[in-house]
Amino acid sequence: MERIVVGMSGGVDSSVAALLLKRQGYDVVGVFMKNWDEQDENGECTATQDWHDVQEVCGLLDIPCYAVNFQKEYQDRVFAQFLEEYRRGRTPNPDVLCNREIKFKAFLDFAMKLGAGGMATGHFVRRGQREGRPLLLKGGDPAKDQSYFLYMLKEAQLERALFPVGDMTKAQVRQVAQEAGLPVSRKKDSTGICFIGERNFRRFLQGYLPLREGEMRTLEGQVVGRHQGLAYYTLGQRRGLGIGGAGDGRRWFVIGKDLGRNVLLVAQGEDHPALYSRYVRASQPTWIGEPPAGEGVPFRCGVKFRYRQGDQPAWAVRLGEEIFLRADGLQRAVTPGQSAVLYAGEACLGGGIAEEAGPEPMAQVDGIFPEA
RNA sequence: UGGGGUAUCGCCAAGCGGUAAGGCACGGGACUUUGACUCCCGCAUUCGUAGGUUCAAAUCCUGCUACCCCAG
């Protein structure tokens, strides 16, 4: 009987994942990860409740249950980078790193040590196969597809991973949980950074990054307010600017950062041109399997610039250690540090980290894409 | 100091005798395994201030105060 180690968060998805594997006859072991030990601002530690739920579920399923602590790894391989990105004025996505470095590396290694044939999580993604090689496919619930967070996985990692709830909808997962009498069947979906949880983001960052006040200016140079520190804002952001009544009375949005002058650039109106771009340069390309085309050869694909965004039809091309993209349509607030994830239909191809975005092609790719 | 004008929510701003629009900001919620966006709800018993007229005033009258403009 093959042993599978399930990463259990105490939520419905991973609980049902364990349940399904158990029913399929695997030797299931539940493991809870604790990678962050701070309490939230209310002095609560949701991890305590989650660990409690994991134990209860495992008891019901009659499977062994352990807790592991990857705090050190999380700190070194995820959080340090996260802060460094913010210091550079960018907006990182810690969860894509967390998946590559913690859940599908540190945790996977741990599972192997337990003698498992593989690991499983409650992610809403499916694993496909082509010519004997693993594919990462979107989840069966289009509203819940989480492939965006897993695009950095390599074949070797995918090969050992199972996603038991990947072809189900959220509603089906909850129903299975309820029918099985799992106590977490109605537990609210978790949000916020994985393992850290829902936070007042500015306050959270203030614990790690110094305040450095400065001006908020329009593109024309007019000072319209003050900011508390560039790191606390991200492109396309509206709330928290505190600019009211100025100009024509419309909403204000962050459109850029001038690190050198410590100036936050803002513009008025949701349709402001500075908020939109078509061309994107992305670094750190990663591919699940072989890249979809040779270097310098443009190819069609779908792109997501953020979680839960529909696939944006686009052209892409690899050049050296970078990916260049041209979306068919205008993209709102493509933000440096965020991930651009590429798709071919249901399959996630991989992706990269956005470095810059703009309405005009970068010099490296001027004229390289076929005319629309 | 004369002459004129304006004073309504943190900001902008409707209102013109009948019992305080709206926008932005802000607060709360929904959505959401990043950050955002979006959506919903809330947000002046009170109209610079003190009196007066009137059944009834932010709206009319008078004094005072503040600011702005023009004279000087």
Side-chain angles (χ1 to χ4, degrees), chain A residues 7-14 33 35-36 46-47 50 74 78-79 81-83 85-86 88-100 102-103 121-125 139 141 143-152 163 165 170 173 187-205 209 216 224-226 230-255 257 266-272 275-276 304-310 330-341 351 353-354:
Chain A
M8 299 187 67
S9 66
V12 219
D13 305 336
S14 56
M33 270 180 277
N35 302 331
W36 193 260
T46 52
D50 291 336
Y74 188 84
V78 179
F79 203 66
Q81 285 227 37
F82 169 81
L83 291 181
E85 284 284 88
Y86 270 111
R88 296 174 55 199
R90 295 155 53 102
T91 306
N93 182 335
D95 288 351
V96 297
L97 268 186
C98 176
N99 283 318
R100 186 183 72 186
I102 308 297
K103 289 180 183 167
T121 69
H123 281 109
F124 281 95
V125 295
D141 187 339
K144 275 289 183 179
D145 166 47
Q146 290 172 319
S147 57
Y148 182 85
F149 292 107
L150 298 181
Y151 81 96
M152 279 190 177
F163 305 107
V165 302
K170 185 76 190 191
V173 171
K187 192 169 171 180
K188 193 179 185 316
D189 291 11
S190 65
T191 56
I193 300 172
C194 214
F195 299 118
I196 295 178
E198 194 80 70
R199 300 300 184 113
N200 174 315
F201 213 72
R202 190 177 299 181
R203 237 183 296 163
F204 176 68
L205 284 180
L209 300 169
M216 297 187 347
V224 290
R226 295 194 59 79
L230 293 181
Y232 307 138
Y233 305 82
T234 190
L235 300 199
Q237 177 176 337
R238 166 164 88 90
R239 311 205 75 157
L241 299 186
I243 314 171
D248 60 17
R250 301 162 77 197
R251 303 165 166 181
W252 290 84
F253 296 89
V254 175
I255 56 169
K257 300 180 180 185
V266 296
Q268 200 160 24
E270 36 280 314
D271 54 358
H272 192 102
L275 226 32
Y276 296 88
K304 292 187 200 295
F305 294 100
R306 48 176 54 81
Y307 177 51
R308 284 169 60 80
Q309 178 182 36
L330 288 175
Q331 299 301 314
R332 184 182 182 286
V334 174
T335 307
Q338 291 282 294
S339 292
V341 180
I353 309 284

message = Taking B:A36 as the reference, what is the distance to B:C47 when you measure between their C1' atoms (whole Å, please)?
response = 39 Å
query = Using the P atom in both, what is the distance from B:G42 to B:C69, to the nearest Å?
reply = 41 Å
request  = Please state the P separation for the pair B:A57 and B:G48 - nearest whole angstrom.
outcome  = 15 Å
ask   = Using a cut-off of 4.0 Å on non-hydrogen atoms, how would the nucleic acid contact of A:L241 be classed: base, sugar-phosphate, or nothing?
value = sugar-phosphate
key: Spacing of the P atoms in B:C61 and B:C16 (rounded, Å)   = 15 Å
message = Can you list everything that forms a salt bridge (charged side-chain N to carboxylate O under 4.0 Å, His left out) with A:R239? Sequence neighbours excluded, please.
response = none
inquiry  = Once side-chain hydrogen bond (donor to acceptor under 3.5 Å, both in side chains) is applied, do any residues pair with A:S147, and if so which ones, sequence neighbours excluded?
reply    = A:D145, A:Y343
side-chain hydrogen bond (donor to acceptor under 3.5 Å, both in side chains) involving A:Y151 - partner list, sequence neighbours excluded = A:S339
Enumerate the protein-to-nucleotides 10-12 of chain B contacts in which both atoms are nitrogen or oxygen and the separation is below 3.5 Å.
unit_1, atom_1, unit_2, atom_2, d
B:C11, O2', A:G244, O, 3.4
B:C11, O2, A:G245, N, 3.4

request  = Please work out if A:F82 contacts a base, only the sugar-phosphate, or nothing of the nucleic acid, heavy-atom cut-off 4.0 Å.
outcome  = nothing
inquiry  = List the residues meeting salt bridge (charged side-chain N to carboxylate O under 4.0 Å, His left out) with A:R332, not counting sequence neighbours, and say none if there are none.
reply    = none
query = Using a cut-off of 4.0 Å on non-hydrogen atoms, how would the nucleic acid contact of A:R306 be classed: base, sugar-phosphate, or nothing?
reply = base
key: Between B:A20 and B:U46 - C1' atom distance, rounded Å   = 7 Å
task = Take atom C1' in B:A44 and the same atom in B:G10, then report the distance between them in whole Å.
result = 12 Å
task = Could you tell me the separation between the CZ atom of A:R250 and the C1' atom of B:A25, rounded to a whole number of Å?
result = 16 Å
inquiry  = Holding to side chain to side chain contact (heavy atoms under 4.5 Å, CB included), I want the full list of residues that pass it with A:Q237, two or more places apart in sequence or in another chain.
reply    = A:R202, A:Y233, A:T234, A:V254
ask   = What interatomic distance, in whole Å, is found between C1' of B:A13 and the corresponding atom of B:G2?
value = 33 Å
